[in-house]
Colleague: 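Quick one: the structure is below, and I'll ask about it shortly.
Quick note on labels: first sequence line is chain A, next is B, and so on, each numbered from 1.
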Amino acid sequence: DIQMTQSPSSVSASVGDTVTISCRASQDISNWLAWYQQKPGEAPKVLIYSVSSLQSGVPSRFSGSGSGTDFTLTISRLQPEDFASYFCQQANRFPVTFGGGTKVEIK
Amino acid sequence: QMQLQESGPGLVKPSQTLSLTCTVSGGSISSGVSYWSWIRQPAGKGLEWIGRIYTSGRTNYNPSLKSRVTISGDTSKNQFSLRLTSVTAADTAVYYCAREQYYYDSSGYYPNHFDYWGQGALVTVSS
């Protein structure tokens with residue numbers, strides 16, 4: 001299985017900050033990478049797919065980049081509703097695997 | 001707007017079988033190209049993909065669970081279901097059903113990302 005390693009596991013930030021979350025794949029996954037946001041008690045919600053394509057309805061302050069094995073989710077101008085956990089997911093190789101998650105907390 | 005809803009027992013005894021159903025509204029599990037998956041998440045932990053069923057009825061299972069998992073579909077009810085046998089406490093988790101959106105190129109269709117999710121169903125394995 002492809003291992004997806006996220007860092008950091010948690011980050012403290014303030015409203016208005018820019019936050020960067022990294023995701024590293026154990027093998028080249030080309031551009032088969034998606035990012036999800038999950039709030040407590042809720043299902044994950046897709047933010048970005050194919051590395052950098054913004055899901056319909058997702059604010060443009062969310063952006064993704066990277067290729068191969070190293071990927072980044074950037075949240076610009078952090079808003080109160082952005083405090084949540086974020087997961088990456090690869091779909092290049094069977095089986096689908098997810099990163100361990102990054103929790104964005106209020107500083 | 002597509003909606004998915006999990007249903008089933010919230011408590012299962014060890015060694016017994018976990019059974020959940022996902023009811024889909026606002027879309028058909030049998031139309032076009034679509035993939036319908038089960039994913040689980042133990043409390044405070046990450047997400048684990050369990051398996052999927054295609055529009056055609058073909059299935060894929062995570063090798064880590066393959067010997068215990070069956071996913072089936074009922075097109076007349078627009079539902080798909082999960083059966084997980086011989087459960088232990090390690091199977092305690094929130095179970096989600098989700099639609100997997102596809103990516104298309106000249107080579108064909110490929111599952112890509114999960115765009116619609118159910119709200120999740122907590123299943124506890126305990127005697």
Colleague: Does A/F98 reach the side chain of B/Q41, with side-chain heavy atoms less than 4.5 Å apart?
Modeller: no
Colleague: A/D1 and B/N62: which non-hydrogen atoms are nearest, and at how many Å?
Modeller: OD2-OD1, 4.5 Å
Colleague: For residues A/E42 and B/Y96, report the shortest heavy-atom separation together with the two atoms involved.
Modeller: O-OH, 3.3 Å
Colleague: Looking at B/G120, B/S64, B/P111, which has the largest count of heavy-atom pairs under 4.5 Å with chain A?
Modeller: B/P111
Colleague: Check each atom of A/P40 against the heavy atoms of chain B and say whether the ones under 4.5 Å are side chain, backbone, both or neither.
Modeller: neither
Colleague: B/W36, B/V94: one ILVMFWY side-chain cluster at the under-4.5 Å cut-off?
Modeller: no
Colleague: How far apart are the C-alpha atoms of A/T97 and B/W49, what are their side-chain angles, what is the distance that settles it, and do they pass the side-chain contact (heavy atoms from CB on, under 4.5 Å) test?
Modeller: CA-CA 7 Å; A/T97 49; B/W49 179 75; over 6 Å; no
Colleague: Go through the atoms of B/Y116 and report whether side chain, backbone, both or neither lie under 4.5 Å from a heavy atom of chain A.
Modeller: neither
Colleague: Take A/V96 and B/E100 through the side-chain contact (heavy atoms from CB on, under 4.5 Å) test and state the conclusion after the steps.
Modeller: CA-CA 11 Å; A/V96 169; B/E100 206 166 355; 3.9 Å; yes
Colleague: Is it the case that over 12 heavy atoms from other parts of the model lie below 6.0 angstrom from the CZ atom of B/R68?
Modeller: yes
Colleague: Output the distance between atom CH2 (B/W117) and atom CD (A/Q38), rounded to the nearest 0.5 Å.
Modeller: 7.5 Å
Colleague: CG/A/N92 to OH/B/Y103 distance, rounded to the nearest 0.5 angstrom?
Modeller: 11.5 Å
Colleague: Would you mind checking which part of B/L122 comes under 4.5 Å of any heavy atom in chain A, side chain (CB onward), backbone (N, CA, C, O), both or neither?
Modeller: neither
Colleague: Between chain B and each of A/P95, A/G100, A/G101, count heavy-atom pairs under 4.5 Å; write down the option with the most.
Modeller: A/P95
Colleague: On a heavy-atom basis, which atom in B/H113 and which in A/Q89 lie closest, and how many Å separate them?
Modeller: CA-OE1, 3.8 Å
Colleague: Quick one: sort the A/Y36 and B/F114 rings into parallel, tilted or perpendicular, breaks at 30° and 60°.
Modeller: tilted
Colleague: Under 4.5 Å between side-chain heavy atoms, counting indirect links through other Ile/Leu/Val/Met/Phe/Trp/Tyr residues: same cluster for A/V46 and B/L47 or not?
Modeller: yes
Colleague: Rounded to the nearest 0.5 Å, what's the gap from CG on B/N112 to OH on A/Y49? Could you check?
Modeller: 8.5 Å
Colleague: Are A/I2 and B/Y110 joined in one hydrophobic group, where the rule is that I, L, V, M, F, W and Y side chains link up if heavy atoms are under 4.5 Å apart?
Modeller: no
Colleague: Select one option (side chain, backbone, both, neither) describing which atoms of A/Q55 are under 4.5 Å from chain B's heavy atoms.
Modeller: side chain
Colleague: So which part of A/A43 gets closer than 4.5 Å to some heavy atom of chain B, the side chain, the backbone, both or neither?
Modeller: both
Colleague: Determine whether more than 12 heavy atoms belonging to other residues, nucleotides or ligands lie under 6.0 Å from atom CZ of B/R83.
Modeller: no
Colleague: Using every non-hydrogen atom in the two residues, find where A/F87 and B/K45 come nearest and quote the distance to one decimal.
Modeller: CZ-O, 4.4 Å
